[in-house]
Amino acid sequence: MSPALVQAIQRHPRHITSQYVFCNAEDNPYDNITKSLKAAAARAGIEDGVRLHQLRHCFLSYSQMQGVDPRTAQKWAGHGSLATTLKYLHVSPDHEKAVISR
């Protein structure tokens, strides 16, 4: 974990009796975030909702646009092959324009 992530987790409120950083009112870890993800998408005005698979695409694509090499992205995603990772890597039109301008 990066130092910034460690600090963010340390600042996150915890149930004093739970061993988990993210847990429900009964001190149990969350085992299904679909409902929370759907509610967050609604609050953000995303009518079609968001699925975890889409978040993987976004994470890997934004990583690439920030300069993360495909092999590192492959490791982070847990993909067995680079070909699978490459299917996830997309760049935005704005990113392409900025690269061309350089």
Side-chain angles (χ1 to χ4, degrees):
M1 288 190 291
S2 71
L5 180 56
V6 170
Q7 288 177 354
I9 289 173
Q10 287 173 337
R11 287 191 310 268
H12 184 76
R14 295 178 62 156
H15 291 262
I16 193 129
T17 60
S18 180
Q19 65 177 333
Y20 303 106
V21 174
F22 304 106
C23 60
N24 61 22
E26 290 82 38
D27 292 341
N28 295 318
Y30 293 110
D31 60 357
N32 185 338
I33 66 163
T34 303
K35 185 177 177 182
S36 298
L37 191 54
K38 188 175 184 176
R43 284 192 308 272
I46 303 171
E47 295 178 13
D48 294 334
V50 176
R51 291 171 241 349
L52 287 173
H53 188 73
Q54 292 168 304
L55 296 179
R56 286 175 62 88
H57 274 273
C58 287
F59 173 75
L60 293 171
S61 293
Y62 277 97
S63 295
Q64 180 187 25
M65 289 186 280
Q66 293 296 313
V68 173
D69 65 280
R71 287 285 183 193
T72 300
Q74 175 189 358
K75 182 178 177 184
W76 289 351
H79 293 151
S81 74
L82 184 59
T84 301
T85 304
L86 294 177
K87 292 177 185 177
Y88 280 80
L89 301 179
H90 312 285
V91 295
S92 71
D94 289 342
H95 179 75
E96 286 186 78
K97 288 177 188 175
V99 170
I100 289 170
S101 294
R102 285 188 262 158

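What you see is a predicted model, and the numbers here were worked out from it, not measured in a lab.
- Qualifying ring-ring contact (aromatic ring centres under 6.0 Å, His included) partners for His95, counting only residues two or more places apart in sequence or in other chains: none.
- When hydrophobic side chains of Ile, Leu, Val, Met, Phe, Trp and Tyr are connected at separations under 4.5 Å, Trp76 ends up clustered with Phe59, Leu60, Val68, Leu82, Leu86, Tyr88, Leu89.
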Atom pairs and distances, side-chain donor-acceptor, residues 36-55, under 3.5 Å, sequence neighbours left out:
residue: His53; atom: NE2; partner: His57; partner atom: NE2; Å: 3.3
residue: Gln54; atom: OE1; partner: Arg51; partner atom: N; Å: 2.6

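- Grouped with Val91 in one hydrophobic cluster are Tyr62, Met65, the linkage being side-chain heavy-atom contacts under 4.5 Å among Ile, Leu, Val, Met, Phe, Trp and Tyr residues.
- Asp27 is linked by a side-chain hydrogen bond (donor to acceptor under 3.5 Å, both in side chains) to His15, Thr17, counting only residues two or more places apart in sequence or in another chain.
- Not counting sequence neighbours, Asp31 has no partner by the side-chain hydrogen bond (donor to acceptor under 3.5 Å, both in side chains) test.
- Partners of Leu5 according to the side-chain contact (heavy atoms from CB on, under 4.5 Å) rule, which considers only residues two or more places apart in sequence or in another chain, are Met1, Ser2, Ile9.
- In this structure, Gln64 has no side-chain hydrogen bond (donor to acceptor under 3.5 Å, both in side chains) partners at least two apart in sequence or on a different chain.
- Shown here are the side-chain hydrogen bond (donor to acceptor under 3.5 Å, both in side chains) partners of Thr85, two or more places apart in sequence or in another chain: His79.
- Remark: Thr34 engages Asn32 in a side-chain contact (heavy atoms from CB on, under 4.5 Å) (not counting sequence neighbours).
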